[in-house]
Colleague: 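Mind having a look at this structure? Questions to follow.
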Amino acid sequence: MQTEIITIHDPAAMSADIDRAAAVIRRGGLVVFPTETVYGLGGDATSAEAARRIYAAKGRPSDNPLIIHVADPADAGRYAHTDDLFDRLAAAFMPGPLTVIMPRRPCIPLSTTGGLETVAVRCPSHPVAHALIAAAGVPIAAPSANLSGSPSPTCAAHVIKDLSGRVDMILDGGEADIGLESTIVKLDKDQHGEYLTLLRPGGITCDALSCVCERVVIAPAVCEQLAADQRPLSPGMKYKHYAPKTPVVLLDGDGQDVLAFLQKEQAAAPCAILCYDEEIPSLRPEGLLPVGKRADLAAQAHALFGRLREADTLGASVIYAHLPPKEGLGLALYNRMIRAAAHTVKKV
Ligand code: AMP
Ligand code: MG
């Protein structure tokens with residue numbers, strides 16, 4: 001398949017390109033588009049055939065459901081059974097990096113939801129994503145636009161490397177702002193009332209969610225490794241994710257101890273290091289991949305996936321990185337990095 005790549009320089013002057021991309025979606029084709037989280041691999045969410053194509057292009061297991069993207073949160077009710085809690089979340093966080101799981105309506109086929117009776121709905125804030133969904137006139141099912149198992153793409157170059165020849169069109173809208181996938185919550189109820197189950201942490205933090213819903217329960221698979229016989233609440237959590245080919249080891253310890261360990265390792269053998277900016281002067285430049293200042297979790301989120309891809313090209317036998325804190329945006333970093341490292345944490 002020939003993949004057409006279109007660079008969007010000015011979102012205000014892109015209507016002809018968007019109309020062509022929307023036509024590709026409507027005839028069942030695949031269009032990669034930028035969002036504020038990561039790039040998405042989009043197809044018509046109401047078409048079982050488009051869903052099949054998405055799974056094939058990514059090499060993704062077909063029981064791992066797709067998030068559907070809408071242009072306006074008010075459209076969610078056409079595809080899912082929304083309720084008052086959804087409306088409050090939408091008012092607070094949409095458009096934006098939040099995905100909400102609700103019971104599906106029949107117009108969303110089971111192929112899109114990986115066979116589940118629920119559907120995940122998100123309304124992205126990126127102007128290109130918004131324009132494409134609005135012009136398509138259908139919700140767009142879009143997983144991250146990477147080959148299954150590799151880090152999510154945060155710029156068009158990552159997408160081109162993974163999916164060139166496997167999709168009809170790629171819209172290049174520059175670097176993704178946040179750099180980590182959306183926060184995913186499920187709306188739940190028990191005898192004490194409503195609550196949210198956090199299935200995947202992202203740009204919307206637990207603290208922010210708590211302002212809208214008092215009870216937020218973090219699903220065990222967010223931080224822990226599930227036993228082989230445990231079923232995660234979100235099918236995607238059982239798959240190996242975000243994994244570079246080089247083994248990743250997360251270092252847990254105070255700043256000085258970690259730095260001393262890294263200096264010793266660098267002296268012994270070449271290694272790749274996702275370091276904080278403050279550490280650059282104390283380490284050798286070879287293999288150093290700065291991710292931002294220690295306290296700047298947003299910069300680290302923005303840099304992470306690109307740095308993991310780069311680290312994999314250095315030919316090192318190991319990639320070292322810091323174990324992130326679990327607070328605020330740190331929880332999203334922790335969730336991605338613990339998977340990239342296959343739960344390998346070294347205390348130093
Ligand atoms: P990605 O599309 O690559 O960002 O991954 C989407 C994530 O959302 C995967 O981990 C899916 O398992 C999860 N997901 C999508 N729909 C549902 C659903 N209906 N129930 C639970 N998890 C879902
Ligand atoms: Mg993904």
Side-chain angles (χ1 to χ4, degrees), residues 30 32-43 45 50-51 53-55 57-70 76 79-82 86 97-106 108-124 126 129 139-154 158-159 162-163 176 178-188 196-204 217-222 226 231-244 301 304-305 308-309 332 335-336 339-340:
L30 302 182
V32 174
F33 59 97
T35 84
E36 70 278 21
T37 58
V38 299
Y39 273 71
L41 163 51
R53 288 200 184 133
I54 291 173
Y55 288 118
K58 262 184 82 81
R60 178 173 180 144
S62 60
D63 68 344
N64 190 358
L66 307 174
I67 294 173
I68 74 164
H69 295 71
V70 295
Y79 313 112
H81 294 278
T82 58
F86 172 81
L98 179 69
T99 297
V100 180
I101 294 177
M102 297 168 282
R104 84 180 166 103
R105 290 194 189 272
I108 300 299
L110 286 168
S111 341
T112 298
T113 67
L116 297 176
E117 286 303 336
T118 51
V119 60
V121 183
R122 175 163 119 77
C123 176
H126 195 289
I140 296 186
S144 50
N146 52 296
L147 284 176
S148 198
S150 74
S152 292
T154 55
H158 299 160
V159 177
D162 278 17
L163 296 180
I178 298 174
L180 297 179
E181 308 87 340
S182 59
T183 299
I184 304 182
V185 294
K186 186 161 177 290
L187 306 182
D188 278 317
L196 293 175
T197 307
L198 178 75
L199 300 182
R200 179 173 74 187
I204 305 294
V217 177
I218 301 177
V222 167
L226 294 183
R231 247 181 97 237
L233 295 167
S234 174
M237 290 198 198
K238 75 182 172 206
Y239 296 109
K240 195 172 175 206
H241 245 197
Y242 320 116
L304 177 66
F305 287 144
L308 284 176
R309 282 179 183 255
N335 170 266
R336 305 312 190 276
R339 280 146 193 274

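Whatever order the structure lists them in is the order used to number ligands and atoms, beginning at 1.
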Colleague: In plain terms, say whether R122 and E36 are close enough for a salt bridge, that is, a side-chain N and a carboxylate O under 4.0 Å apart.
Modeller: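 Result for this pair is yes, salt bridge flagged.
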
Colleague: Would you mind telling me if ligand 1 is within reach of the side chain of N64, the backbone, both or neither, using heavy atoms under 4.0 Å?
Modeller: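 Side chain only.
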
Colleague: Is there a heavy atom of I101 sitting under 4.0 angstrom from any atom of ligand 1?
Modeller: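 It does, in that a heavy atom of I101 comes within the 4.0 Å cut-off of ligand 1.
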
Colleague: For ligand 1, which atoms, with element, lie under 4.0 Å from some heavy atom of P65?
Modeller: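 Result: 11 (C), 12 (O), 14 (N), 15 (C), 16 (N), 17 (C), 18 (C), 23 (C).
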
Colleague: Heavy-atom distances under 4.0 Å are what count here, so tell me which part of R200 touches ligand 1: side chain, backbone, both or neither.
Modeller: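 Looking at R200 and ligand 1, just side chain atoms fall under 4.0 Å.
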
Colleague: Using a 4.0 Å heavy-atom cut-off, which part of T113 comes near ligand 1: side chain, backbone, both, or neither?
Modeller: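 The answer is neither; T113 stays 4.0 Å or more away.
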
Colleague: Which atoms of ligand 1 are found less than 4.0 Å from any heavy atom of L116?
Modeller: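 Heavy-atom distances to L116 below 4.0 Å select 18 (C), 19 (N), 20 (N).
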
Colleague: Does S144 put an N, O or S atom under 2.8 Å from the Mg ion (ligand 2)?
Modeller: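 Looking at S144, which is the residue asked about, there is an N, O or S atom under 2.8 Å from the Mg ion (ligand 2).
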
Colleague: Step by step, would you call N146 with Y39 a side-chain contact (heavy atoms from CB on, under 4.5 Å)?
Modeller: CA-CA 8 Å; N146 52 296; Y39 273 71; over 6 Å; no

Colleague: Counting heavy atoms only, name the option from I184, L180, T118 that's nearest to atom 19 (N) of ligand 1.
Modeller: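 The option holding the nearest heavy atom is T118.
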
Colleague: Does anything in residues 108-120 form a side-chain hydrogen bond (donor to acceptor under 3.5 Å, both in side chains)? List the pairs, not counting sequence neighbours.
Modeller: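 Listed once each, the pairs are R104-E117.
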
Colleague: Applying side-chain contact (heavy atoms from CB on, under 4.5 Å), run through R60 and I54 and close with a yes or a no.
Modeller: CA-CA 8 Å; R60 178 173 180 144; I54 291 173; 6.0 Å; no

Colleague: Evaluating non-hydrogen atoms only, which member of G202, S144, A80, A219 is closest to atom 3 (O) of ligand 1?
Modeller: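 Looking at heavy atoms only, the winner is S144.
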
Colleague: Is the shortest N/O to N/O distance between E181 and ligand 1 below 3.5 Å?
Modeller: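 In fact, backbone or side chain, E181 has no N or O that close.
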
Colleague: Hey, which of I184, I204, V38 is the one that makes side-chain contact (heavy atoms from CB on, under 4.5 Å) with P97?
Modeller: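 Exactly one option meets the side-chain contact (heavy atoms from CB on, under 4.5 Å) with P97, and it is I204.
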
Colleague: Step by step, work out the side-chain contact (heavy atoms from CB on, under 4.5 Å) result for L196 and L187.
Modeller: CA-CA 5 Å; L196 293 175; L187 306 182; 3.5 Å; yes

Colleague: Do any nitrogen or oxygen atoms of K58 lie less than 3.5 angstrom from nitrogen or oxygen atoms of ligand 1?
Modeller: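 In fact, backbone or side chain, K58 has no N or O that close.
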
Colleague: Heavy-atom contact under 4.0 Å between R60 and ligand 1?
Modeller: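 Yes, R60 has heavy atoms under 4.0 Å from ligand 1.
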
Colleague: Kindly write out the residues that satisfy side chain to side chain contact (heavy atoms under 4.5 Å, CB included) with A332, not counting sequence neighbours, or none if the list is empty.
Modeller: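 L180, P201, L329, R336.
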
Colleague: Hey, is the main chain of G202 close enough, under 3.5 Å, to the side chain of T183 for a donor-acceptor pair?
Modeller: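 Indeed, once roles are kept as given, a pair shorter than 3.5 Å links the two residues.
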
